[in-house]
Engineer: 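Provided herewith is a single structure, encoded as structure tokens, for subsequent inquiry.
All heavy atoms count here, side chains included; hydrogens, waters and symmetry mates do not. Both ligands and their constituent atoms are indexed starting at 1 by order of listing.
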Amino acid sequence: MILVTGGAGFIGANFVLGWIAATGEPVVSLDKLTYAGNLGNLASLAGDARHGFVHGDIADRAAVQRLLAEHRPRAIVHFAAESHVDRSIHGPGAFVQTNVVGTFELLEAARGYWMELAAEERERFRFLHVSTDEVYGSLAEDDPAFTEETPYAPNSPYSASKAASDHMVRAYRHTYGLPTLTTNCSNNYGPYQFPEKLIPLVIANALEGKPLPVYGDGRQVRDWLYVGDHCEAIRVVLERGRPGDTYNIGGNSERRNLEVVHAICDALQEARPREGGYRALVQFVKDRPGHDRRYAIDAAKIRRELGWAPRESFASGLAKTVRWYLDHGAWVAQVKSGQYREWLELNYAARSAA
Ligand code: NAD
Ligand code: TYD
């Protein structure tokens, strides 16, 4: 079996569901259930003997040690993190605690477990660390995309904490020989994404007729990766990646934020027409401090060495995503808790229209 951290979050839940569907191999999910974790994301696995859930913190080394001793996984796939740049600006402490200290404690538990394995199991064991393209910093309009060799230059507390965790993973490979794999992916979107991130936030606001907040001039560029494609790439890296290596994963879909917002408006207009159209709801608001201008992934290595390329175009992935949110109004209503409303107040009230 495998252990997945952060399995109740957006990408983790998609990964667990996709893993069991694709491989049938049992999974235990370890998740602290922060505001971003939602057991409802895994509800379709209730009663399925191939999935177990453990409520716990990756920074609790003793608890992780017990879990490893009990379940004896052949791999750990590490998603658990604080993941939202805007939250890291308002409160960086949690990012250092989970992303840096938590990853360190998890590595320590994994190292102890791995060292005690029999030779063949030791050889087979993998620790796959899921990271982000944001560790590479910001690109100018016509710079080449990030490769695995691009120097690290993180700019936000979020990306700095992820960079620190990547370095720790690298050190555990180099120093102790732990068979690690690191993936650095671009912006994900798809089912079960918490509506604090751009795409689900815009869909949720639009359906309520609320303003669609576009930071600054809306010309920042992200490379959008459909979450199902990302999960497939992780499965491929886990099975065939070279221990110690890193792999960039992207969607071949660079778009300006305003283009993304317009594309969502147009997809919604077709599915659920609104008088005056959804584009009329766009509102330019005060920019994010230190806002990175452009991220772009060169995913040639994973294509060349492991034969993976994204299946979805931005149009097909976005169409699926919009359909999912339209069909899952109850999920959206459930995650919009009091805590979520407090976040909207904290992040958006001070951003008067630009
Ligand atoms: P998310 O915020 O939706 O989910 C994170 C999950 O981790 C939640 O279920 C949360 O409860 C859990 N968690 C947080 N702290 C924990 C702790 N201390 N112990 C155990 N569980 C804890 O995040 P996501 O978007 O699914 O991202 C998953 C991973 O992918 C993260 O490592 C993130 O940095 C990385 N990533 C995400 C994106 C993206 O676009 N979403 C892009 C690149 C990389
Ligand atoms: P986000 O989804 O937070 O991902 P990241 O900052 O990790 O790339 O934001 C994606 C882009 O959208 C980013 O350039 C910031 C911008 N954005 C807005 O313009 N308005 C919003 O309300 C949010 C949440 C993001």
Side-chain angles (χ1 to χ4, degrees), residues 4-15 29-39 41-42 54-60 63-64 77-89 94-95 97-99 101-103 105-106 129-135 138 155-156 158-159 161-162 165-166 183-190 192-202 205 211-225 227 230-231 234 249-251 255-258 260-261 282-288 291-295 297 335 343-344 347-348 351:
V4 170
T5 72
F10 160 50
I11 306 175
N14 277 282
F15 179 80
S29 301
L30 168 66
D31 199 294
K32 188 179 171 185
L33 296 179
T34 67
Y35 78 91
N38 181 353
L39 270 182
N41 298 352
L42 298 168
V54 176
H55 185 197
D57 190 333
I58 54 165
D60 182 348
V64 178
V77 184
H78 176 34
F79 294 96
E82 290 290 337
S83 69
H84 189 30
V85 173
D86 291 317
R87 286 190 192 251
S88 82
I89 295 169
F95 288 71
Q97 176 55 31
T98 283
N99 300 359
V101 178
T103 299
E105 295 291 358
L106 184 68
H129 173 61
V130 177
S131 191
T132 167
D133 59 0
E134 305 193 21
V135 298
S138 183
N155 290 318
S156 72
Y158 164 66
S159 54
S161 67
K162 291 296 290 188
S165 67
D166 294 8
T183 56
N184 294 86
C185 69
S186 58
N187 286 60
N188 282 225
Y189 66 102
Y192 301 109
Q193 188 168 29
F194 192 75
E196 63 183 355
K197 305 277 169 64
L198 181 68
I199 288 181
L201 179 105
V202 165
N205 280 16
L212 311 179
V214 173
Y215 296 168
D217 62 8
R219 293 173 66 80
Q220 301 80 8
V221 175
R222 300 292 184 263
D223 173 2
W224 294 94
L225 170 64
V227 66
H230 181 202
C231 292
I234 292 176
I249 306 172
R255 295 287 184 284
R256 294 186 198 287
N257 291 342
L258 190 58
V260 171
V261 173
V282 169
Q283 189 175 89
F284 289 92
V285 300
K286 195 160 174 281
D287 208 351
R288 170 188 282 171
H291 197 173
D292 283 340
R293 198 68 184 162
R294 174 172 166 247
Y295 305 136
I297 283 272
V335 300
W343 165 250
L344 294 185
N347 194 45
Y348 294 97
R351 289 181 198 271

Engineer: Is G56 near ligand 1, meaning one of its heavy atoms is under 4.0 Å from it?
Structural biologist: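 True for this residue.
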Engineer: Short N/O distance, under 3.5 Å, between W224 and ligand 2?
Structural biologist: no
Engineer: Is G7 in contact with ligand 1, taking contact as a heavy-atom separation below 4.0 Å?
Structural biologist: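 No, that is not the case, since the closest heavy atom of the residue is not under 4.0 Å from the ligand.
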Engineer: I need the atoms of ligand 1 closer than 4.0 Å to a non-hydrogen atom of T132, numbered in the order shown.
Structural biologist: 43 (C), 44 (C)
Engineer: Heavy-atom contact check, 4.0 Å cutoff: does S131 meet ligand 1?
Structural biologist: yes
Engineer: Under a 4.0 angstrom heavy-atom cut-off, which atoms of ligand 1 come close to S186?
Structural biologist: 42 (C), 43 (C)
Engineer: Testing the basics here: between A80 and G6, what is the closest heavy-atom pair and its distance to 0.1 Å?
Structural biologist: CB-N, 3.6 Å
Engineer: Between D86 and ligand 2, does any nitrogen or oxygen pair lie at a separation below 3.5 Å?
Structural biologist: no
Engineer: Are the side chains of R222 and L198 in touch, meaning some heavy atoms are under 4.5 Å apart?
Structural biologist: no
Engineer: Might you point out which heavy atoms bring S29 and L42 nearest each other, and give the distance in Å?
Structural biologist: OG-CD1, 4.3 Å
Engineer: So is H78 polar-close to ligand 1, meaning N/O to N/O under 3.5 Å?
Structural biologist: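 In fact, backbone or side chain, H78 has no N or O that close.
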Engineer: So which heavy atom in the protein is nearest atom 4 (O) of ligand 2, and how far is it from that ligand atom?
Structural biologist: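 Result for atom 4 (O) of ligand 2: N187 ND2, 3.2 Å.
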Engineer: Regarding ligand 2, does E196 bring an N or O atom to under 3.5 Å of one of the ligand's N or O atoms?
Structural biologist: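 No, no N or O pair falls under 3.5 Å.
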Engineer: Side chain of S131, backbone of T183: donor and acceptor closer than 3.5 Å?
Structural biologist: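 No: the side chain of S131 does not pair with the backbone of T183.
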Engineer: Specify side chain, backbone, both or neither for V260, according to which of its non-hydrogen atoms lie closer than 4.0 Å to ligand 2.
Structural biologist: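 Neither part.
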Engineer: Going by the closest heavy atom to atom 39 (C) of ligand 1, which one wins out of L42, N188, L39, I199?
Structural biologist: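 Shortest heavy-atom distance from atom 39 (C) of ligand 1: N188.
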Engineer: Looking only at heavy atoms, which two atoms of P200 and P195 are closest? And how far apart?
Structural biologist: CB-CA, 3.8 Å
Engineer: Pairing donors with acceptors under 3.5 angstrom, does anything connect the side chains of H129 and T103?
Structural biologist: no
Engineer: Any non-hydrogen atom of G102 lying under 4.0 Å from ligand 1?
Structural biologist: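 No, G102 has no heavy atom closer than 4.0 Å to ligand 1.
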Engineer: Identify the closest protein heavy atom to atom 6 (O) of ligand 2: which residue and atom is it, and at what distance?
Structural biologist: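 For atom 6 (O) of ligand 2, the nearest protein heavy atom is R288 NH1, 2.5 Å.
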Engineer: Taking the side chain as every heavy atom from C-beta outward, state whether D31 and L39 have any atom pair closer than 4.5 Å.
Structural biologist: no
Engineer: Below 4.5 Å, heavy atoms only, C-beta onward: do D86 and E196 meet side chain to side chain?
Structural biologist: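 No, too far: nothing below the 4.5 Å cut-off.
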Engineer: Side chains of Y158 and E82 only: does a donor on one sit below 3.5 Å from an acceptor on the other?
Structural biologist: no
Engineer: Got the closest protein heavy atom to atom 21 (N) of ligand 1, with its distance?
Structural biologist: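 Protein heavy atom with the smallest distance to atom 21 (N) of ligand 1: K32 N, 3.0 Å.
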Engineer: Roughly how far, to the nearest 0.5 Å, is NZ of K162 from CG of N99?
Structural biologist: 5.5 Å
Engineer: Considering only non-hydrogen protein atoms, determine which one is nearest to atom 8 (C) of ligand 1 and report residue, atom name and distance to 0.1 Å.
Structural biologist: D31 OD2, 3.6 Å
Engineer: Can you tell me if D223 uses its side chain to pair, donor with acceptor, with the backbone of S186 under 3.5 Å?
Structural biologist: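 No, because the side chain of D223 does not come within donor-acceptor range (under 3.5 Å) of the backbone of S186.
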Engineer: Out of S83, S159, A59, who is nearest to atom 1 (P) of ligand 1 when you count heavy atoms only?
Structural biologist: S83
Engineer: Between N205 and Y348, is any side-chain donor less than 3.5 angstrom from a side-chain acceptor?
Structural biologist: no
Engineer: Which one of V130, T98, I11, N99 has a non-hydrogen atom at the shortest distance from atom 37 (C) of ligand 1?
Structural biologist: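 Of the listed residues, I11 has the closest heavy atom.
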Engineer: Taking 4.0 angstrom as the limit, do R293 and D217 come out as a salt bridge?
Structural biologist: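 So R293 pairs with D217 through a salt bridge.
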Engineer: Does a donor on one side chain and an acceptor on the other come within less than 3.5 Å for N14 and N188?
Structural biologist: no
Engineer: Quick one: does L33 get a heavy atom under 4.0 Å from ligand 1?
Structural biologist: yes
Engineer: Tell me which protein heavy atom sits closest to atom 3 (O) of ligand 1, plus the residue, atom name and distance to 0.1 Å.
Structural biologist: F10 N, 3.1 Å
Engineer: What atoms of ligand 2 come within less than 4.0 Å of a heavy atom belonging to P213?
Structural biologist: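 Result: 18 (C), 19 (O), 20 (N), 21 (C), 22 (O).
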Engineer: Using a 4.0 Å cutoff against the non-hydrogen atoms of K162, which atoms of ligand 1 qualify?
Structural biologist: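 In order of numbering, the contacting atoms are 31 (C), 32 (O), 33 (C), 34 (O).
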Engineer: From the options A63, S161, G37, A81, select the one whose nearest heavy atom is closest to atom 14 (C) of ligand 1.
Structural biologist: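 The residue whose heavy atom sits nearest atom 14 (C) of ligand 1 is A81.
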Engineer: Which residue supplies the protein heavy atom nearest to atom 16 (C) of ligand 2, what is that atom called, and how far is it?
Structural biologist: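 Answer, as residue, atom name and distance: N257 ND2, 3.4 Å.
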Engineer: Ignoring hydrogens, just give me the one of D57, D133, V64, I234 whose non-hydrogen atom is nearest atom 17 (C) of ligand 1.
Structural biologist: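 Nearest heavy atom to atom 17 (C) of ligand 1 lies in D57.
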Engineer: Distance from Y189 atom OH to I11 atom CD1, nearest 0.5 Å?
Structural biologist: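 Spacing of OH (Y189) from CD1 (I11) equals 13.0 Å.
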Engineer: Any nitrogen or oxygen of K197 lying under 3.5 Å from a nitrogen or oxygen in ligand 2? Just yes or no.
Structural biologist: no
Engineer: Does at least one non-hydrogen atom of Y348 fall below 4.0 angstrom from an atom of ligand 2?
Structural biologist: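 It does; at least one heavy atom falls under 4.0 Å.
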Engineer: So, taking the atom named OG1 in T132 and the one named CG in N187, what distance separates them when rounded to the nearest 0.5 Å?
Structural biologist: 7.0 Å
Engineer: Touching ligand 1 at all, F79? Heavy atoms, strictly under 4.0 Å?
Structural biologist: yes
Engineer: Ignoring hydrogens and angles, tell me if any N or O in the side chain of K32 forms a donor-acceptor pair with the backbone of A81 under 3.5 Å.
Structural biologist: no
Engineer: Would you compute the distance between atom CD of Q220 and atom OG of S138 and round it to the nearest 0.5 angstrom?
Structural biologist: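 Interatomic distance, Q220 CD to S138 OG, rounded to 0.5 Å: 9.0 Å.
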Engineer: Taking distance alone, with no angle check, do V85 and ligand 2 share an N/O pair under 3.5 Å?
Structural biologist: no
Engineer: If you have a sec, work out which protein heavy atom is nearest atom 7 (O) of ligand 2 and how many Å separate them, to one decimal?
Structural biologist: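 In this structure, atom 7 (O) of ligand 2 has E134 OE2, 2.5 Å as its nearest protein heavy atom.
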Engineer: Provide, to 0.1 Å, the distance between atom 13 (C) of ligand 2 and the closest protein heavy atom, together with that atom's residue and name.
Structural biologist: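 Atom 13 (C) of ligand 2 sits closest to the protein heavy atom H291 NE2, 3.5 Å.
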Engineer: Give a yes/no on ligand 1: does A8 have at least one heavy atom closer than 4.0 angstrom to it?
Structural biologist: yes
Engineer: To the nearest 0.5 Å, tell me how far N347 CG sits from I89 CD1.
Structural biologist: 8.0 Å
Engineer: Considering heavy atoms of the protein only, find what lies nearest to atom 25 (C) of ligand 2 and give residue, atom and distance to 0.1 Å.
Structural biologist: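 Checked against all protein heavy atoms, atom 25 (C) of ligand 2 sits closest to Y215 CE1, 3.7 Å.
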Engineer: Note the single closest protein heavy atom to atom 2 (O) of ligand 2, along with its residue, its atom name and the distance in Å.
Structural biologist: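 The answer is L198 N, 2.9 Å.
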Engineer: Have a look at H84 and tell me which of W343, F95, Y35 forms a ring pair (Phe, Tyr, Trp, His ring centres under 6.0 Å) with it.
Structural biologist: W343
Engineer: What is the minimum heavy-atom distance between L225 and C185, and which atoms define it?
Structural biologist: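 Nearest pair, atom of L225 first, then C185: CD2-CB, 3.9 Å.
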Engineer: Ignoring angles and geometry beyond distance, decide whether E82 reaches within less than 3.5 Å of ligand 1 through its nitrogen or oxygen atoms.
Structural biologist: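 No, E82 has no N/O under 3.5 Å of an N/O on ligand 1.
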Engineer: Where is the nearest protein heavy atom to atom 4 (O) of ligand 1: which residue, which atom, and how far?
Structural biologist: G9 CA, 3.4 Å
Engineer: Using a 3.5 Å cut-off on N or O atoms only, is D292 in polar contact with ligand 2?
Structural biologist: no
Engineer: Within the 4.0 Å heavy-atom shell around C185, which atoms of ligand 1 are there?
Structural biologist: 42 (C), 43 (C), 44 (C)
Engineer: Is the closest heavy-atom distance from Y158 to ligand 1 below 4.0 Å?
Structural biologist: yes
Engineer: Which value, rounded to the nearest 0.5 Å, describes the distance between L258 atom CG and L212 atom CG?
Structural biologist: 10.5 Å
Engineer: Output yes when the distance from some N or O of ligand 1 to some N or O of L30 is under 3.5 Å, and no in every other case.
Structural biologist: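 Such a contact does not occur with ligand 1.
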